[in-house]
Every structure is written in C-alpha cells, then in structure tokens.
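Atoms within a ligand are numbered from 1 in the order they appear, just like the ligands themselves. Computed from heavy atoms alone, side chains included, the values below leave out hydrogens, waters and symmetry copies.
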Amino acid sequence: MINDSNSDRLAREQFGRDFKWGVSTAAYQIEGAHDVDGKGLSIWDVFTSRKGKVKKGQHGNVACDFYNCFKGDIQLVQDLGIPNFRFSISWSRVLPTGTNTVNQKGIDYYNRIIDYCLESGIEPWVTLYHWDLPQELELKGGWTNREVVDWFSEYAALCVKSFGDRVTNWMVMNEPAVFTGAGYFFGIHAPGRTGMKNFLPAIHHATLSMAAGGKVVKQLAPQANVGTTFSCSYVEPATSGARDLAAAKRADALLNRLFLEPILGLGYPVDDLPVLKKLEKYMRSGDEERMSFDFDFIGIQNYTREIVTSSFFTPYIGARLVAAKKRKVPLTEMGWEVYPEAIYQMIKKFNSYSNIKKLIITENGAAFPDILKDGRVADEKRKKYIEENLRQVLRAQKEGFSVDGYFVWTLTDNFEWAEGYHPRFGLIYVDFETQQRVVKDSGLWYKALLQQ
Ligand code: NOJ
C-alpha cells in the first residue's frame with residue numbers, strides 16, 4: 001500500500017497480474033562510446049557536432065556511459081524490482097555503414113546486455129530504431145530514400161537472427177511522428193532537414209519500414225511479441241468555435257493518427273488532413289498493402305495534452321498549438337503541461353480501433369528540476385506525476401478499456417536530444433561529471449509500488 005488512506009490506495013495488484021511494469025531507455029541517450037569498438041557514426045553523432053543544434057553544444061559522446069556501466073545500471077533496475085527493461089539497439093554499432101558489414105563487437109555488446117538482463121531476472125524489450133540512423137545512410141538520402149525500407153529490413157533481420165533466441169519483445173520503431181517531424185520538417189533534430197520535400201517521403205518510407213520491420217521479425221521469430229511505438233497527445237480545441245474544432249481535428253490527425261492508421265490498414269488520414277494527399281507522389285501500387293502489419297501490441301507514449309487553435313498563417317495545417325506556458329497551467333521542465341487525464345484519454349482513443357490487439361504505455365514520465373542534497377533527490381513532483389498518471393491508467397481499466405503495461409521514461413537522467421542534459425527525466429539521478437547514480441525518491445516510490 002502506497003498511500004495513507006485506504007480509499008486513495010494505489011496498488012500494483014489493481015492493474016492485474018499480467019500487467020507489464022517496466023522502464024524505458026534509448027541507445028543514443030545513454031550509451032556514449034560513440035566511436036569505440038568499430039561503431040559507425042549515426043546522424044545524432046553528426047548533428048550534435050554541428051554548432052547551435054543542441055543546447056550548450058552538448059552531445060551523446062559519453063552520455064551516461066551505459067556502454068561501460070550497463071551492469072551497474074541493470075543491477076539498479078533489479079534493485080528497484082522493475083521486471084521489464086526497454087532499451088534500443090544502435091544501428092551503426094552493429095552495422096557501421098548501415099548495411100552489409102557486421103560489427104561483431106557491437107553484436108557482442110548487445111549480447112552482454114541481453115544476457116545480463118536475463119541473468120538478473122529482467123525481461124529485455126528491444127527497440128530497433130530509436131532515431132539514430134547510420135550517417136552513411138543519411139548521405140544516401142536517409143529516410144527520404146525509398147531504399148531505406150530494404151536497409152531497415154536487413155538491419156531488423158540481423159538483430160532478430162543475433163538476439164531472437166533470447167529476446168521475445170520487440171518494438172520496431174520509436175515515435176515516427178517525432179523523428180520525421182523534428183528531423184525532416186523542422187530540422188531541430190537529426191539529421192536537421194527541413195520542409196515538405198523531406199518530410200513527406202520520410203513519412204512514407206518510415207511507415208513502409210515499420211510494417212516491413214514487423215514482418216521480418218515475425219517471419220524469423222514467429223513466437224516473438226512484436227510491437228511498435230507512437231507518440232500521442234490529447235488534443236483539445238482552444239474554443240468550441242467551428243474553426244478551432246476543425247483545426248484540432250487536423251492536429252489530431254497529424255499528431256496521433258498519421259502513422260497508426262496506415263499500419264492498421266486504414267491508410268493515411270487524408271480526409272481529415274488534406275495536405276497528406278501530397279504523399280501520393282511517393283506511393284507505388286501495392287503500398288496500401290505494404291503499409292499495414294498486424295502488430296501484437298501497440299506502444300503509446302504520452303506526456304501531455306495540446307490545446308489547438310485555428311491559424312490561417314500556419315501553412316499546410318492551418319492550426320497551431322497554444323503554448324502551455326501561456327495557459328497558466330502547471331509545467332514540466334520541458335514546458336509541457338502536467339495533465340494526467342491525457343493518458344486516460346489516449347487509452348480510450350486507442351481502444352476505439354478494433355484491430356489493436358494489445359496496448360502498452362511504453363513511455364510516460366516527466367522532467368523536473370532535481371536537486372541532489374545530502375545524498376538524496378526529493379523529487380516529489382515526479383513521484384506525483386507518475387502516480388497521477390497511473391491513477392488515470394487504472395481509471396481507464398476500470399471503465400473497461402484495455403491497457404496491458406506501463407513503462408516509465410526513464411531509468412537514469414540522460415541526453416534529452418536538442419535540450420541536452422538539462423531536463424532530467426530519470427528515476428535515478430546522474431552526476432554527469434562522475435557518473436555517480438543516486439536513486440531519486442520517485443525511484444524508491446516506484447520500487448515500493450512494485451514490491452507489493
Ligand atoms: C519520447 C522519446 O522516445 C524519448 O527519446 C524522449 O527522451 C522522451 N520522449 C522525452 O522527451
């Protein structure tokens with residue numbers, strides 16, 4: 001029992017015996033060792049070396065040094081009693097140029113991680129693509145080049161052949177809407193490309209690759225539990241006026257439906273976001289079929305809600321987000337609104353698709369300013385954020401919506417992409433000078449919840 005009053009009680013068993021509890025990470029954000037043991041460069045290695053791309057010029061060259069510290073960190077996962085550990089494979093560590101030549105040292109490294117998880121009684125959950133495309137492939141057009149579907153399939157096959165005897169749970173992609181939007185339209189993430197001419201082909205090729213990747217995993221490991229993960233935000237119109245309602249619908253199509261619906265066999269949400277008609281230019285006959293795949297589970301990653309208003313001046317979508325800081329609402333260190341009900345709304349929304357077999361929250365968490373004082377990080381806000389979000393998960397379950405797991409983002413403080421090391425999301429504090437780890441109060445709280 002975690003709370004004082006019985007009526008307010010949050011307990012592990014309320015979520016059901018088969019509910020998957022976990023914690024999520026990603027290679028580039030934690031591993032460091034960006035150029036050792038034969039690893040090739042990824043687009044994030046290159047992007048972070050360019051001036052002005054990441055706050056304070058920070059990069060993931062060392063990050064949490066998970067490459068060398070993985071045993072200690074996996075031991076912490078075990079100490080916290082977290083049964084499932086999600087991490088990603090760095091494509092250019094196992095295939096330095098993206099295709100053909102395998103780097104055995106990279107394969108050995110992931111074997112060590114997987115074996116150590118299993119020895120520690122922790123189930124590995126592996127993401128194939130968490131945004132770090134090999135730079136050699138970017139030089140050939142990256143996600144804008146349709147050949148990426150073959151490159152990605154080859155990489156997926158290598159991973160399943162190398163690790164599939166011990167790894168059951170796979171996630172093909174992480175948040176395609178974010179890596180295509182931020183990386184290929186806004187240019188604020190790697191590889192820093194901009195505009196529709198990059199965004200549209202990247203969307204279509206990411207969709208095809210996601211489906212192709214799913215098929216490869218299932219063919220080579222029929223027993224595998226294969227999923228893929230999507231970012232999602234609860235979208236509400238700024239007013240009940242017709243224009244804002246229509247703008248919110250377009251934003252919802254872009255943020256929440258763009259990659260999900262083609263995978264489910266429904267095609268791109270063109271009716272609600274007409275600009276997507278432009279995707280036709282990149283489509284070949286048979287692509288509707290090729291875009292869909294029957295995943296064993298869908299991972300959703302929710303952090304906040306967005307308020308949307310109609311905006312005549314915003315090209316393509318005619319909508320814009322009303323920044324949370326202008327709305328006088330509680331904020332995280334990322335400037336995102338703290339709005340736990342969003343996760344409940346997302347569970348409901350994803351439950352409305354009849355062909356989603358299982359739904360897992362593969363990321364949820366928050367960055368707050370943490371202070372290490374006398375060996376302790378009293379991160380009450382993060383604890384409360386996770387607790388409130390879990391209450392909303394429970395609320396959805398009680399109303400009959402299915403949701404089969406919850407993974408906290410993230411294990412340790414790490415490299416938060418364009419924001420650098422400032423926003424701290426971890427259950428565990430990291431002193432990046434010394435690589436010292438300190439379990440935060442939120443981590444102890446999660447442990448206590450899981451121990452019941
Ligand atoms: C989603 C991404 O998958 C992860 O890499 C990122 O750090 C978190 N959200 C927080 O922004």
Exercise. Quick one: are Pro96 and Lys39 in side-chain contact, heavy atoms under 4.5 Å?
Worked result: no
For this session: Establish, yes or no, whether the cationic atom of Arg395 lies under 6.0 Å from the six-membered ring centre of Tyr344 and within 45° of the ring axis.
Result: yes
Exercise. For the rings on Phe407 and Trp409, is their centre-to-centre separation under 6.0 Å?
Worked result: no
Could you pull out every N or O of ligand 1 that sits under 3.5 Å from a protein N or O, with the distance for each pair?
| unit_1 | atom_1 | unit_2 | atom_2 | d |
| --- | --- | --- | --- | --- |
| ligand 1 | 3 (O) | His130 | NE2 | 3.1 |
| ligand 1 | 3 (O) | Asn174 | ND2 | 2.8 |
| ligand 1 | 3 (O) | Glu363 | OE1 | 3.2 |
| ligand 1 | 3 (O) | Glu363 | OE2 | 2.7 |
| ligand 1 | 5 (O) | Gln29 | OE1 | 2.7 |
| ligand 1 | 5 (O) | His130 | NE2 | 2.9 |
| ligand 1 | 5 (O) | Trp417 | NE1 | 2.9 |
| ligand 1 | 7 (O) | Gln29 | NE2 | 2.9 |
| ligand 1 | 7 (O) | Trp409 | NE1 | 3.3 |
| ligand 1 | 7 (O) | Glu416 | OE1 | 2.6 |
| ligand 1 | 9 (N) | Tyr303 | OH | 3.3 |
| ligand 1 | 9 (N) | Glu363 | OE1 | 3.1 |
| ligand 1 | 11 (O) | Glu416 | OE2 | 2.6 |

Exercise. So, Arg93 side chain and Lys105 main chain: donor-acceptor pair closer than 3.5 Å or not?
Worked result: no
For this session: Could you walk me through whether Trp125 and Phe87 pass ring-ring contact (aromatic ring centres under 6.0 Å, His included), step by step?
Result: CA-CA 6 Å; Trp125 290 62; Phe87 61 92; over 10 Å; no
Problem set entry | Cationic tip of Lys140 above Trp151 ring, under 6.0 Å, 45° of axis | yes
